[in-house]
Amino acid sequence: MEKVAFIINPFSAKKNYLPFLNELKNKVQNPLYYISESILGTEEFIQTHFNDVDFFVAIGGDGTISTVAKSLINTDKILAIFPAGSGNGFSNETQFSKNLDELLDKLKSKKSRKIDTFTVNDKLSINVSGTGFDGKVVKEFEKTNRGFKNYIKVSLKTFFNYKPIKLKFLDENYKQYNGKYLMVNIANTRQFGNNAYIAPMASKSDGLVDMVLVKKFPLTYSPLFAFRMFTKKLKEDDYITYLPVSEIEFKVNTKNWHLDGEFNKIKSPIHVKVQPSSLNILI
């Protein structure tokens with residue numbers, strides 16, 4: 001596999017990457033791999049091997065995948081994934097499993113297809129990004145040891161104390177949606193991760209993202225919201241609005257965002273733009 005490079009985030013999957021690496025060495029002769037020390041290091045590794053490698057495999061969570069994807073946008077290079085994150089939303093949506101044999105078979109078949117990505121103020125996102133409640137949750141979540149249980153704990157604690165954010169669209173055609181929201185999500189795929197489907201109708205190859213506006217709802221609505229989210233049945237109602245867009249500008253009174261689950265500070269005004277068919281994914 002001289003045309004494949006494996007990029008490992010050693011901090012994903014509770015820092016337990018050695019079993020993967022050992023299995024890789026047993027099944028692939030002299031694999032080309034890089035244990036990432038930083039985003040800059042990953043970018044430099046990709047550029048060093050860019051002309052010699054056809055497939056770049058990201059081993060990590062959505063943040064790791066996004067970092068690798070950033071260097072592959074609008075090129076003929078192909079992104080592959082071995083999921084090793086907390087939620088693995090993008091991996092789930094692109095049918096990658098934690099089975100190395102399956103991944104190696106896919107690499108041998110060399111089949112790929114193009115999907116959309118999008119930017120938030122020129123910062124790349126491949127899965128779901130957002131601000132408001134979930135931006136705050138990600139900020140607090142990064143202070144923990146991660147894991148689904150800690151995510152639920154942080155979410156519940158944050159929910160009770162969180163004040164809705166103010167949203168104002170710069171396009172007059174959307175002014176009817178100005179107001180206060182618990183969270184605002186931009187969804188290229190259907191789920192955050194852990195099979196939590198925030199945008200069940202989203203498609204990663206239609207040239208659009210689903211802008212999901214969620215008003216703060218009463219505690220009594222929470223079980224229904226959770227049930228619908230985990231069963232792919234969320235839909236528009238008194239608390240949820242879906243706006244399919246290819247490009248949109250707006251202001252929010254917070255700088256706290258998450259991009260594919262990674263905390264970011266982003267200042268308003270916000271410009272979201274879809275990049276159609278911009279990333280090659282192994283299938």
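Rounded to the nearest 0.5 Å, atoms CG (Asn188) and CD1 (Ile115) are 6.5 Å apart. To the nearest 0.5 Å, the span separating NZ on Lys163 from OG1 on Thr254 amounts to 13.0 Å. In this structure, the separation between CD1 on Ile7 and NE2 on His49 is 9.0 Å, given to the nearest 0.5 Å. Distance check, rounded to the nearest 0.5 Å: CD1 of Ile281 to OG of Ser205 gives 11.5 Å. Here the straight-line distance linking atom NZ of Lys27 with atom CG of Leu103 works out to 10.5 Å at 0.5 Å rounding. With rounding to the nearest 0.5 angstrom, the OG1 atom of Thr189 is 10.0 Å from the CZ atom of Phe192.
At least one donor-acceptor pair closer than 3.5 Å links the side chain of Asn264 to the backbone N or O of Glu262. Without hydrogens or angle criteria, Lys3 side chain to Asp52 main chain gives no donor-acceptor distance under 3.5 Å. Judged by distance alone, with hydrogens and angles left aside, the side-chain atoms of Thr131 form a donor-acceptor pair with the main-chain N or O of Asn256 at under 3.5 Å. Under the 3.5 Å distance criterion, the side-chain polar atoms of Tyr162 are matched with a main-chain donor or acceptor of Gly132. With hydrogens and angles disregarded, no donor-acceptor distance shorter than 3.5 Å links the side chain of Thr75 to the backbone of Ser71. In this structure, Thr119 contributes its side chain and Asn121 its backbone to no donor-acceptor pair below 3.5 Å.
Crowding of Asn22 atom CG: a count of heavy atoms from other residues, nucleotides or ligands under 6.0 Å exceeding 12. Atom CD of Glu37 has 12 or fewer neighbouring heavy atoms from other residues, nucleotides or ligands inside a 6.0 Å radius. Other residues, nucleotides and ligands contribute at most 12 non-hydrogen atoms within 6.0 Å of the NZ atom of Lys175. The number of heavy atoms from other shown groups lying within 6.0 Å of OH (Tyr221) is above 12.
Judged as a salt bridge (Lys or Arg N to Asp or Glu O under 4.0 Å), not a single pair has a partner in residues 272-283 (not counting sequence neighbours). Residue pairs meeting the salt bridge (Lys or Arg N to Asp or Glu O under 4.0 Å) criterion with at least one member in residues 220-241, sequence neighbours excluded: Arg228-Asp237. Screening residues 53-70 for side chain to side chain donor-acceptor pair (under 3.5 Å) gives Asn9-Thr64, Asp62-Asn127, Ser66-Asp260 as the qualifying pairs, with residues at least two apart or on separate chains. Within the structure, the salt bridge (Lys or Arg N to Asp or Glu O under 4.0 Å) test picks out the following pairs touching residues 180-209 (sequence neighbours left out): Glu93-Arg190. For the ring-ring contact (aromatic ring centres under 6.0 Å, His included) condition, the pairs that include at least one residue of residues 69-109, sequence neighbours left out, are Phe20-Phe82.
Residues Ile46 and Ile39 are members of separate hydrophobic clusters, defined by side-chain heavy-atom contacts under 4.5 angstrom among Ile, Leu, Val, Met, Phe, Trp and Tyr. Grouping the Ile, Leu, Val, Met, Phe, Trp and Tyr side chains by contacts below 4.5 angstrom, directly or via other members, places Phe250 with Phe133. Placement of Leu167 and Leu170 in two distinct hydrophobic clusters is found when ILVMFWY residues are connected by side-chain heavy-atom separations under 4.5 Å, directly or transitively. Linking Ile, Leu, Val, Met, Phe, Trp and Tyr residues whenever their side-chain heavy atoms come within less than 4.5 Å places Phe230 and Tyr242 in a single cluster. A continuous path of Ile, Leu, Val, Met, Phe, Trp and Tyr side chains, each step under 4.5 Å between heavy atoms, connects Phe50 with Phe45, placing both in one hydrophobic cluster.
Proximity of Phe169 to Leu243: side-chain heavy atoms (C-beta onward) are separated by under 4.5 Å at one or more points. Using a 4.5 Å heavy-atom threshold, the side chains of Asn185 and Ser129 count as separate. Taking 4.5 Å as the limit, some side-chain heavy atom of Leu107 sits within range of a side-chain heavy atom of Leu282. Inter-residue side-chain proximity for Lys77 and Phe56 is flagged as met; some heavy-atom pair is nearer than 4.5 Å. Residues Leu104 and Val28 meet the side-chain proximity criterion, which asks for heavy atoms closer than 4.5 Å. Two residues are said to be in side-chain contact when any heavy atoms from C-beta on lie closer than 4.5 Å; Asn92 and Gln191 meet this criterion. The shortest distance between side-chain heavy atoms of Tyr174 and Val245 falls below 4.5 Å. Proximity of Pro83 to Lys98: side-chain heavy atoms (C-beta onward) are separated by under 4.5 Å at one or more points.
In this structure Phe225 satisfies the ring-ring contact (aromatic ring centres under 6.0 Å, His included) test together with Phe217, sequence neighbours excluded. Under the rule for a side chain to side chain donor-acceptor pair (under 3.5 Å), the partners of Ser97 that lie at least two apart in sequence or sit in another chain are Glu102. Residues satisfying the ring-ring contact (aromatic ring centres under 6.0 Å, His included) test with Tyr33, not counting sequence neighbours, are none. For His271, the ring-ring contact (aromatic ring centres under 6.0 Å, His included) criterion is met by no residue, not counting sequence neighbours. Residues forming a side-chain contact (heavy atoms from CB on, under 4.5 Å) with Lys215 (at least two apart in sequence, or on another chain): Tyr181, Tyr239. Listed by chain and residue number, Lys265, Lys267 satisfy the side-chain contact (heavy atoms from CB on, under 4.5 Å) test with Lys255 (two or more places apart in sequence, or in another chain). In terms of the side chain to side chain donor-acceptor pair (under 3.5 Å) criterion, Tyr34 has no residue partners (sequence neighbours excluded).
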Exercise. Check the pair Val57 / Val4 against side chain to side chain contact (heavy atoms under 4.5 Å, CB included), numbers first and verdict last.
Key: CA-CA 7 Å; Val57 183; Val4 180; 3.8 Å; yes
Exercise. Please step through side chain to side chain contact (heavy atoms under 4.5 Å, CB included) for the pair Ile270 and Val120, ending with a clear verdict.
Key: CA-CA 7 Å; Ile270 302 298; Val120 180; 3.8 Å; yes
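Minimum heavy-atom separation, Gly61 to Asn88: CA-OD1, 4.2 Å. Across all their heavy atoms, Lys106 and Ile283 have their closest contact at CG-O, 3.9 Å. A pairwise comparison of heavy atoms in Asn280 and Ser112 identifies OD1-OG, 4.4 Å as the closest pair. Pairing each heavy atom of Asp116 with each of Ser277, the nearest pair is OD1-N, 2.8 Å. Among all heavy-atom pairs drawn from Ile65 and Gly60, the shortest one is CD1-O, 4.3 Å. Considering all non-hydrogen atoms of both residues, Ser246 and Leu208 come closest at N-CD2, 3.7 Å.
Inspection of the Ser278 and Thr117 side chains reveals an N or O donor paired with an N or O acceptor under 3.5 Å.
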